[in-house]
Amino acid sequence: MKVSNKFVTDNFEKNVKIDIDKYIELGGFVALKKAISNGSEFVINEIKKANLLGRGGAAYPTWKKLEAAHNRVSNEKYLICNADEGEPGTFKDRDLLILDPYKVIEGMIITGFTIGSSESYIYVREEYDYVQLELNKAIKKANEYGYLGNDILGSGFNFNIHVHTGAGSYNCGETTALIESMHGRSCRSRLKIPRVGEKGYKGKPTLINNVETLAYITAIIQKGSDEYIKLGTDKSIGTKVIALCGNVVNSGTYEVPFGVTINEIINNLGGGIRNNNKVKFVQAGGASCSIIPAEMFDLEYSYESFKEKDFQIGSGSMVVCDESIKLIDYLLATQKFFMNESCGKCTPCREGNKRLVEILTKISNGNGKVEDIDKLESLSLSIKRSSLCGLGQTSPNALLSVIKNYRDDCIMYINKGDINER
């Protein structure tokens, strides 16, 4: 199996960026023309056949969201592209927006046409100010060429895209929190009923998709679902864009077919470990995902294989750590991130993550006790079970995976007080 593939990132090395003429020359807006010619049902069926799962981390079938939004009766619907990308080690959405913005824009237009929406927004965090500038230029060009605005391609379909700047927060990955932020309020999750699909932005039905998901919609409609399903495994169809970083030689954004192994990703794409050091572990999927020990790197990168081991594909980041990284300090940094990102609305997340940081700090300083491991485990499970939103529900995942896979090492570390533990 090829370790790398260019199904959706085929324009990355062709210096397209905001050059709309070059994008068109390379097949840009062919997918839009196909969508308008064949209708909404065609788009939904193609995405269904491709079994495209949401690339923001939840892995919910994209066609189901499209179909639900298409069938929902309303005189006003909104589409939102979530480009907040607030997780450490994740930058693939940023690269998609910078290196191939029209593919995302075209995916938004196709999606808007499919669900019957005429207004859409790209939610971009404030730190991505340079991305906002390039996106506004690209949107302006698309308007000038007739791919945005009124009566697109003579179809009678009207569609506009606006860039919405937000303060940005990890919590904005959750749909209700994102809507709250767009309304000018704190980025805090609310109860899911009513769901944003029924009552979202401005109280109207709203579909929220990730940057990568929208880019895949364009690529699948342009090249056909038959080409897409040739890639990947039987259950994890197609490819995934990943952000590879950490102690590898070649950090960057790569597209891999599902089914390659972690070892192949690290060695063939990442060029191995810097300074010929020994690899220790990988955190794949994002800060809210599990730590994968080096002895499990023959595991294939697919939803089914990861699920069997209680790991997560997540948003697609892959942070590689060598033997110079102290596992306890890595966990401490991760929990500090979640402690700081917690919106504070619910007690389990707000207070629980503080307590996890306190215990981990004590262990890191050499003052831990073996019973602290059970305290960490019990508290983590309580946070997961009782938090309101995805931040609290997933924030202890890395810690729990270490307790599961490295428990003996944790005990040895605490007993010896050796900060150079495995």
Side-chain angles (χ1 to χ4, degrees), residues 5-10 27-56 58-74 77-82 96 100 102-118 120 147 152-159 161 175 195-198 200 205-241 255 257-259 302-304 313:
N5 194 280
K6 299 287 185 180
F7 190 87
V8 75
T9 59
D10 47 344
F29 299 106
V30 166
L32 175 60
K33 293 171 184 176
K34 285 175 67 176
I36 290 175
S37 297
N38 292 284
S40 298
E41 293 296 335
F42 163 77
V43 175
I44 294 171
N45 288 333
E46 280 290 278
I47 300 304
K48 182 178 182 179
K49 185 177 179 181
N51 194 30
L52 176 65
L53 303 179
R55 297 301 199 237
Y60 187 79
T62 302
W63 74 268
K64 288 187 177 181
K65 293 175 71 172
L66 289 174
E67 185 175 68
H70 169 74
N71 292 337
R72 188 159 284 117
V73 178
S74 177
K77 300 177 185 178
Y78 289 99
L79 168 66
I80 296 174
C81 169
N82 188 352
L96 282 164
D100 203 4
Y102 292 111
K103 189 165 287 178
V104 180
I105 289 171
E106 186 175 2
M108 292 182 69
I109 304 169
I110 293 169
T111 301
F113 169 78
T114 302
I115 69 173
S117 169
S118 60
S120 67
Y147 294 112
I152 296 171
L153 300 176
S155 64
F157 170 55
N158 306 327
F159 191 73
I161 297 177
T175 55
R195 297 186 180 278
V196 297
E198 302 163 355
T206 303
L207 173 62
I208 302 177
N209 274 330
N210 173 258
V211 170
E212 185 185 345
T213 307
L214 291 161
Y216 269 102
I217 288 175
T218 301
I220 290 169
I221 299 302
Q222 179 188 345
K223 300 174 183 179
S225 59
D226 287 337
E227 290 300 309
Y228 185 70
I229 62 178
K230 292 178 183 177
L231 306 167
T233 68
D234 291 339
K235 294 182 179 179
S236 295
I237 297 172
T239 64
K240 178 75 180 76
V241 182
E255 183 179 357
F258 287 112
S302 67
Y303 288 103
E304 63 270 23
I313 294 292

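When reading the values below, keep in mind they use all heavy atoms of this one structure, side chains included, and skip hydrogens, waters and symmetry mates.
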*asked:* Just so I know, are the side chains of D226 and I229 near enough to count as touching, which here means a heavy-atom distance under 4.5 Å?
replied: yes
*Closest non-hydrogen atom pair, T233 against G259*: CG2-CA, 3.6 Å
*Looking only at heavy atoms, which two atoms of S236 and S302 are closest? And how far apart?*
OG-CB, 3.6 Å
*What are the two closest heavy atoms between R72 and G197, and how far apart are they?*
NH1-O, 2.9 Å
*State whether a side-chain donor-acceptor pair under 3.5 Å links E46 with S225.*
yes
_Between CD on residue E255 and CG on residue L96, distance to nearest 0.5 Å_ = 9.0 Å
_Closer than 4.0 angstrom, basic N to acidic O: yes or no for E227 and K230?_
yes
_side-chain contact (heavy atoms from CB on, under 4.5 Å) assessment of C81 paired with N209_ = CA-CA 5 Å; C81 169; N209 274 330; over 6 Å; no
*Looking at side-chain heavy atoms only, is the closest gap between I221 and V43 below 4.5 Å?*
yes
*Please determine if K223 forms a cation-pi arrangement with F7, meaning its NZ or CZ atom is less than 6.0 Å from the six-membered ring centre and no more than 45° off the ring axis.*
yes
*Let me see the working for Y216 and T239 under side-chain hydrogen bond (donor to acceptor under 3.5 Å, both in side chains), right down to the final yes or no.*
CA-CA 9 Å; Y216 269 102; T239 64; 2.6 Å; yes
*From CA spacing to verdict: side-chain contact (heavy atoms from CB on, under 4.5 Å), T206, K77*: CA-CA 6 Å; T206 303; K77 300 177 185 178; over 6 Å; no
*Validation row: L53, Y303 side chains within 4.5 angstrom (heavy atoms)*: yes
*So which heavy atom on G56 is nearest to which on T213, and how close?*
N-OG1, 4.3 Å
*If every non-hydrogen atom of L79 is compared with every non-hydrogen atom of G112, which pair is closest and at what distance?*
CD2-N, 4.1 Å
_Below 30° counts as parallel, above 60° as perpendicular, anything between as tilted: where do the rings of F29 and Y147 land?_
parallel
*May I ask you to test the P205-E198 pair for a side-chain heavy-atom distance under 4.5 Å?*
no
_Pair L52, I217 - check side-chain contact (heavy atoms from CB on, under 4.5 Å), show working._
CA-CA 8 Å; L52 176 65; I217 288 175; 4.1 Å; yes
*asked:* In the structure I gave you, are the side-chain heavy atoms of E41 and H70 within less than 4.5 Å of one another anywhere?
replied: yes
*Test salt bridge (Lys or Arg N to Asp or Glu O under 4.0 Å) applied to E304 - qualifying residues, sequence neighbours left out*: none
*Distance, nearest 0.5 Å, that separates CH2 of W63 from CD1 of I220*: 14.5 Å
*Starting at OG of S118, measure out to CG of N158 and round the result to the nearest 0.5 Å.*
7.0 Å
*Tell me, do S117 and F159 make a side-chain contact under 4.5 Å, heavy atoms counted?*
yes
_As an exercise, state the distance from NZ of K65 to CD1 of I44, rounded to the nearest 0.5 Å._
13.5 Å
*Looking at residues at least two apart in the chain, or sitting in another chain, which of them share a salt bridge (Lys or Arg N to Asp or Glu O under 4.0 Å) with K48?*
none
*First locate atom CG of N82, then atom CG of N210, and finally report the distance between them rounded to the nearest 0.5 Å.*
7.0 Å
_Within the 4.5 Å heavy-atom criterion, are L32 and I152 side-chain neighbours or not?_
yes
_N51 to I237 - nearest heavy-atom pair and separation_ = CB-CD1, 3.9 Å
*For the atom pair CD (E212) and OG1 (T9), what is the distance rounded to the nearest 0.5 Å?*
9.5 Å
*asked:* Check this for me: K6, atom NZ, are more than 12 non-hydrogen atoms of other residues, nucleotides or ligands nearer than 6.0 Å?
replied: yes
*Note, L207 side chain near I80 side chain (heavy atom, < 4.5 Å)*: no
*Do T111 and L66 pass the side-chain contact (heavy atoms from CB on, under 4.5 Å) test, and can you show the C-alpha distance, the side-chain angles, and the key distance before you say yes or no?*
CA-CA 7 Å; T111 301; L66 289 174; 3.6 Å; yes
